[in-house]
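Everything on this sheet refers to the single structure shown next.
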Amino acid sequence: MTTAAAAPTPRRPLRDRLSALIYVVPGVGWLALFFAVPLVIVLIVSFGTKDATGHVSLAHPGLQNYLRAGRPEYVPAFLNSLRYAGITTILSILIGYPIAYWISRYGGRRKILLLILVMLPFWTSYLIRTYAWMIILRDNGVLNGILQSVGLISDPIPFLNTDFSVILGMTYGFLPFAILPLYVSIDRMDDNLVQAARDLYASGRQAFLHVTLPITMPGIVAAALLTFIPAIGDYVTPDLLGGAQTTTIAKVVQVVFQSGRDWPYGSALGFLLMVLTLVGTFAALRTLRRETLGGG
Amino acid sequence: MMAPEAVPEIRLSGISKRFGDVRAVDDISLEIRSGEFFSLLGPSGCGKTTTLRMIGGFELPTAGRIELRGVDVTMAPPDKRPVNMVFQSYALFPHLNVHDNIAFGLRRHKVSEVEVKMRVAEALDLVHLGEYGRRKPNELSGGQQQRVALARALVNRPQVLLLDEPLGALDLKLRKSLQIELKRIQTEVGITFVYVTHDQEEALTMSDRIAVMHQGKVEQLGLPEELYDRPSTRFVADFMGSTNLLMGRVESVDGSIASLRLTGGDASRVALADPATTGDALEISIRPESVSIAEPGAGGPGSIEGRIEQSAYLGSSVQYQVRTQGGALLSIVTPKTGRRYVTGDDVEVGWSPHDALVVGVRRPEQEKP
Amino acid sequence: MSTDHDGSSLDLERILVRYLAENRLTRRQLLRRISIVGATAAVAPIIAACATGGASAAPSISTPVPAAPSSSDAGAAAETASPTATPEPTPQPTPEGELYVYNWTQYIGDTTVKDFQDKYGIKVTYDFFDTADTQLTKIRSDGKGGGYDVTYPASTDIPGLVRDGVVAALDLSMISNAKNLGTEWANPGYDPNNAHSMPYMWWTTGFVWDPDKIKEDLTDWTALWDERYKGHMSMLDDVREVFAAAAFRLGLSPNTTSDTDLDAMLQLLEQQKPLLRTYTANDIADFTGGQVWLTHAWSGDWGQMLSDKPKTKYVIPESGAVRGSDTMVVLSGAQHPVAANLWIDFNLDAKVSAANTNVTYYMGPNAAALPLIDPTISGDPRINPASATLDKLVELLELGPDLDKYTQRWNALKA
């Protein structure tokens, strides 16, 4: 007999619930208008065709654009996007974690200042910062100039327009997005847990692996998502710092929209990229949860 | 040469710890015997936790030396010391279940999984949590978490167990029952406990010996009853339980008993542990339960007249606040079986000279004009 | 400045765009400036603009002045206009107070905008694109010009833009300077009688190289497939131009729509791609930055590269090259059509046209301007080839829906 389960939970008065709802309306309305509606339009357009003048026609809707999207010539671009986003994510976490850890544990009273410094690059346009990287990385740029003047190299190393420059630019751009969630999860962790691990005969390294790392895993996952998702769709960095060999799927979508002026096809590609990102993200999250949080 | 059995479990020799300009621990030397339940007692900020953390290896002393069974461990990291700690916040690993929390130390020592299972089960039994192995820490009550923390430390069979206010976060009733249980476990496993607390009652109940700390120094070290009955300083007397502190000047000395004129004019007597001479100003301490209370005229020789200002019923006893003729306010606790007084009643109060302790002396030449 | 970059519409970026417009600074110039004075200093005025100028909506160049032309400072434009002016047969319509112009980066004289404003008191908002794709996407987005009054399409695109109603017919009565055009420009095939467009500049497409890095004298397209320059070559980020280069190598027409031809061209370009540093929209910056030694380029861009690398060489390849021209059009959705026609007329003025050429190194169609052009420009056969050379060059034609055959392969190539 479970009479306790049947006990009614007290409900807040209707008026309270309605007034709470009022505060939600602007946000939901904003999202609906500026996120959902354009997305639906993109979805509808993706089923259309391009007529002779290049205009979108919905006269014969169908899946033809999605079928075309699977063509093998786009596989390299898609793999490039995955590779850049994946490496960028891993680098951002590998670089961001020690920084976040250091700020949290040793930042003391300067924590806020240090976090502001992390965010400082955002005070300048991403475009300008990317141009600055071009100045640094090009063949007669700052980096090659320094390497040559100290005699480390004689001919300039081609940094710009390579995988290296794209990954560098993306890691630079997305690092703050990784540091902030990492900082939050590390800062929230009770420092006594590390001491307890050390007390229970764990070396510094073991304490990190068996305690700090698993406990801050939610921050790592958040950092990975906040880096990977924008990175896989990034257009500016591969366009400006990349070259002929670094085409990404975002660049393909841009070419389809602009050179081809094929909006239905471009919409289908964009939509497909979004769905793949979402599916991949959820799959990764589920695996992570099962592995790190144990079978519960 | 010292006999081997005389080597103390822990020896602190002149250890100090400074944080910036603050002397958290100031030149402490003491020895803790094997199998002893030893408490570091004092108010917050007295340096007791810092001392414990230096024994555990979580802080390095600024000066001095720490030995465990004669081995110098002053600079050894926590994982290289045969001691374990129970943290005030328990510090259970939230991502591991109870079993894995307890197994943590064993696994770091590469104990076989079969033995891990056995010893974890034993440890769970020891703390009466046999069925809880699969639970996560956040699914346990505060008391249960406390016991897991204890089991997690004890399972490693350390030489010494360090406990940092382990019962501080629990409610009174649970605290009382866990005090008894902790003492039972300590007796059962027979290892040395070093226990930090700010609760003098807890320390008195459980400890074999207590070091009372104040401003980074050990104020007094001794058996519980010594500290309670014969506090050597005003601070210890005050800290070891509520007491009446009175000032008086020696009028005459008769053997080991001095006659005093208290501030305000009341007359009293006190047994002297150390010699005193006429004119000395003494500070004396009398426990509330050592003060007798009687109707006017029934107080016997040496009684002081006074009037009840307040009375409070405490369950097993009654507490009175009495204002003496000389103006001093005395706290008195009597069994509830005696006669009851109400506010405004005139009474006589008194105490045996042997219950009054001298906790401070000022010679006339030390006094400022 | 292209405005097509992703969705990060930071305020600062808009201010940057406005700053570039106000200071007549292009993406290329910004890069050049940054490289000279260092990034911080280059960006500092933009930050300052952000702090101080952010709230003011009106760019400084657009300060309206009284409409009456002042002979002292309207200068050249006004004076050249007067000797050729004939009495107006009908009263001219009143020009609007504003004009929105959409042009390539670095593709106009240094003072042209200011001179026009001074002469007519019309506030000009001048906006940039850096690829034709961007331009066409934008002006076709609403089918009538995307809010601009005047833009500069390639002549190739004119038939399509006319057919789709994106551009309006010109008011030829307001464009008396059309008489300055050379006779060969009076009735072009892409736009009979220049009814919808006026020619602006023309060019050849070849390639440039840095003789410090490449000692030999290059003559033909095969150089751009040379393994020795791997990683130091780039092609223009332009579908038709890239395929044309392959077509000339194969002896095909760059206007072919045969799938077989196109597949052969694609195959050749796929062999080339691993050797390339970039498909570039910044050919000048890539070249002056040192990483590219050999790049596919328009003749005028070469002229602009000379200011950084005076030894830079340009060649019109032997096996064939593209020639082309850009036009000025009034968009069908223009809110300021009178001002737009005035703008076109003004740019056909001999002195204005010559000033444009002297800055951009692109030759104009303006016969009257020829004597006013810097002789080192007009006299250079690579910028102003003899008509015998020109006759051998090919113009790109509008392909209609067959353009898809190119863009699909272009996509496959770049992916």
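Per chain, numbering begins at 1; letters A, B, ... match sequence-line order.
Atom-to-atom distance recorded for Arg152(B):CZ and Leu200(A):CG is 5.0 Å, nearest 0.5 angstrom. Once rounded to the nearest 0.5 Å, the distance linking CG of Asn192(A) with OH of Tyr90(B) reads 12.5 Å. Here the CZ atom belonging to Arg198(A) is positioned 11.0 Å from the CZ atom belonging to Arg81(B), to the nearest 0.5 angstrom.
The number of heavy atoms from other shown groups lying within 6.0 Å of CD (Glu131(B)) does not exceed 12. Around the NZ atom of Lys117(B), the shell of radius 6.0 Å holds no more than 12 heavy atoms that belong to other residues, nucleotides or ligands. Residue-environment remark: CZ (Arg23(B)) stays at or below the threshold of 12 foreign heavy atoms within 6.0 Å. Heavy-atom neighbours of Arg188(A) CZ from other residues, nucleotides or ligands within 6.0 Å: at or below the threshold of 12. When the shell of 6.0 Å around CZ of Arg105(A) is examined, it contains more than 12 heavy atoms from other residues, nucleotides or ligands. Counting heavy-atom neighbours within 6.0 Å of Phe208(A) CZ, excluding the residue itself, gives a total above 12.
Proximity to chain B involves both the backbone and the side chain of Ala197(A), based on heavy atoms less than 4.5 angstrom apart. In this structure, chain A has a heavy atom under 4.5 Å from the side chain of Phe87(B), while its backbone stays farther away. In this structure, chain B has heavy atoms under 4.5 Å from both the backbone and the side chain of Asp199(A). In this structure, chain A has a heavy atom under 4.5 Å from the backbone of Leu92(B), while its side chain stays farther away. Both the backbone and the side chain of Gln195(A) come within contact range of chain B, with heavy atoms under 4.5 Å apart.
Listed here is the closest heavy atom pair of Pro94(B) and Leu193(A): CD-CD1, 3.8 Å.
Here Gly105(B) is the residue among Gly57(B), Gly105(B), Pro77(B) with the most heavy-atom pairs under 4.5 Å with chain A. Looking only at heavy-atom pairs under 4.5 Å with chain B, the residue among Asp191(A), Val194(A), Asp190(A), Val211(A) that has the most is Val211(A). Your options are Ser89(B), Gly56(B), Ala149(B), and the one with the most heavy-atom pairs under 4.5 Å with chain A is Ser89(B).
Two residues are said to be in side-chain contact when any heavy atoms from C-beta on lie closer than 4.5 Å; Tyr201(A) and Asn84(B) meet this criterion.
Between His210(A) and Phe104(B), the ring-plane angle classifies as perpendicular under the 30° and 60° cut-offs.
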